[in-house]
Amino acid sequence: MALSDSADVASFSTPLPRGFYDRDTLEVAQDLLGCQLVRRVEGELIAATIVETEAYRGATDSACHAHRRKTPRTEAMFGPPGHAYVYLVYGMHWLLNIVTQPEGNPCAVLVRAVEPCLNEDAMRRARVARNRELSNGPGKLTRALSIDKALYGEDMTRADKLWVAQGPTPQRVATGPRVGIDYASPADRDAPWRLWIADNPWVSKAR
DNA sequence: TAAATGATGTCCT
DNA sequence: GGACATCATTTAG
């Protein structure tokens with residue numbers, strides 16, 4: 001399953017087009033599973049398979065940061081699809097989202113876990129807690145891929161610093177409620193909008 | 001201006 | 001299984 005030869009590296013260089021993200025958020029969250037999250041930093045190319053996502057569905061979703069109004073923080077979500085919405089939680093962890101739906105409809109997909117695919121070494125070096133699990137959680141993977149505020153609003157349809165490339169469709173996808181959103185209304189809290197590749201060991205552990 | 005609070009991870013017992 | 005770190009953003013006054 002691990003990809004390492006040069007032909008596979010070449011396949012990482014084509015980003016998914018904007019049209020991929022300009023769709024229903026739940027569909028995008030599902031279709032991102034199995035795709036490669038690709039990062040270029042300091043001349044190194046890093047790639048990891050997306051194995052867990054969550055859909056945040058705009059004004060009608062009380063768990064979505066943008067459900068009330070547009071604020072400076074959530075501005076990227078109101079913009080065109082295919083851009084990064086990066087923000088800080090708990091005063092210390094950066095989380096990566098990819099904006100979906102047409103401009104003005106503030107939706108995004110949170111990337112919750114990835115499986116190292118190319119240059120796992122660089123990911124390991126970027127982690128502070130080097131002996132902890134590498135990227136099976138939304139805050140861990142941003143640390144492993146050096147993703148922070150500097151990538152806020154980044155256009156992920158260009159092969160520049162951060163993008164997503166096509167990958168194999170997973171055999172089986174599992175769903176469940178999203179994590180850490182107790183503040184949301186019951187219907188939104190219970191909605192099965194967390195998706196992951198069934199039986200994949202890199203999926204985050206439920207809290 | 002002030003106060004409350006997280007789309008979490010790590011370490012400790 | 002639980003404590004705690006740590007601060008930008010939001011909301012209230």
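Every chain is numbered from 1, with letters handed out A, B, ... down the list of sequences.
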N-O pairing of A:D24 and A:R57 below 4.0 Å: yes
Taking every heavy atom of A:A63 against every heavy atom of A:Y183, the minimum-distance pair comes out as O-OH, 3.0 Å
Near DNA chain C, which residues from residues 49-56 of chain A have a heavy atom under 4.0 Å away? none
Only Watson-Crick and G-U wobble pairs, only distances under 3.5 Å, only runs of 3 or more: what stems does that leave for DNA chain C? B:1-6 with C:7-12, B:8-12 with C:1-5
Salt bridge or not for A:K161 and A:D155, using N-O below 4.0 Å? no
Considering only NZ, NE, NH1 and NH2 on the basic side and carboxylate oxygens on the acidic side, decide whether A:E133 and A:K205 come within less than 4.0 Å. yes
A:D160 bridged to A:R40 by N-O distance under 4.0 Å: no
Salt bridge A:D31-A:R23, side-chain N to carboxylate O under 4.0 Å: yes
With nearest nucleotide decided by heavy atoms, which residue, A:R127 or A:I181, maps closer to the 5′ end of DNA chain B? A:I181
Considering only NZ, NE, NH1 and NH2 on the basic side and carboxylate oxygens on the acidic side, decide whether A:R124 and A:E120 come within less than 4.0 Å. yes
Please tabulate, for side-chain N and O atoms in residues 94-105 of chain A, each donor-acceptor pair with protein atoms closer than 3.5 Å (sequence neighbours left out).
residue : atom : partner : partner atom : Å
A:N97   : ND2  : A:Y85   : O            : 3.2
A:T100  : OG1  : A:T25   : OG1          : 2.8

Verdict with supporting geometry, A:S204 and A:N136, side-chain hydrogen bond (donor to acceptor under 3.5 Å, both in side chains): CA-CA 5 Å; A:S204 72; A:N136 62 336; over 6 Å; no
Are A:L37 and A:I197 co-members of a hydrophobic cluster defined by side-chain heavy atoms under 4.5 Å apart? yes
Atom CG of A:N136 and atom C1' of B:dA7: how far apart are they, to the nearest Å? 16 Å
Just checking A:R112: base, sugar-phosphate only, or nothing, at a heavy-atom cut-off of under 4.0 Å? sugar-phosphate
To the nearest angstrom, how far is A:R132 atom CZ from B:dC12 atom C1'? 11 Å
A:H67 has an atom NE2; how far is it from atom P of B:dG6, in whole Å? 12 Å
Less than 4.0 angstrom from a charged side-chain N to a carboxylate O is my criterion; do A:E54 and A:R112 meet it? yes
Which residues within residues 98-109 of chain A lie with some heavy atom under 4.0 Å of an atom in DNA chain B? none
Could you run down nucleotides 7-13 of chain C 5' to 3' and tag each one B, S or - for protein heavy-atom contact under 4.0 Å? BSSSS--
Does anything in residues 15-72 of chain A form a ring-ring contact (aromatic ring centres under 6.0 Å, His included)? List the pairs, not counting sequence neighbours. A:H65-A:Y87
Does the side chain of A:Y183 get closer than 4.0 angstrom to OP1 or OP2 of B:dA7 through an N or O atom? yes
Can you give me the closest heavy-atom contact between A:A165 and A:C35, atom names plus distance? O-CB, 3.4 Å
Taken to the nearest whole Å, CG/A:L134 to C1'/B:dG9 is 14 Å
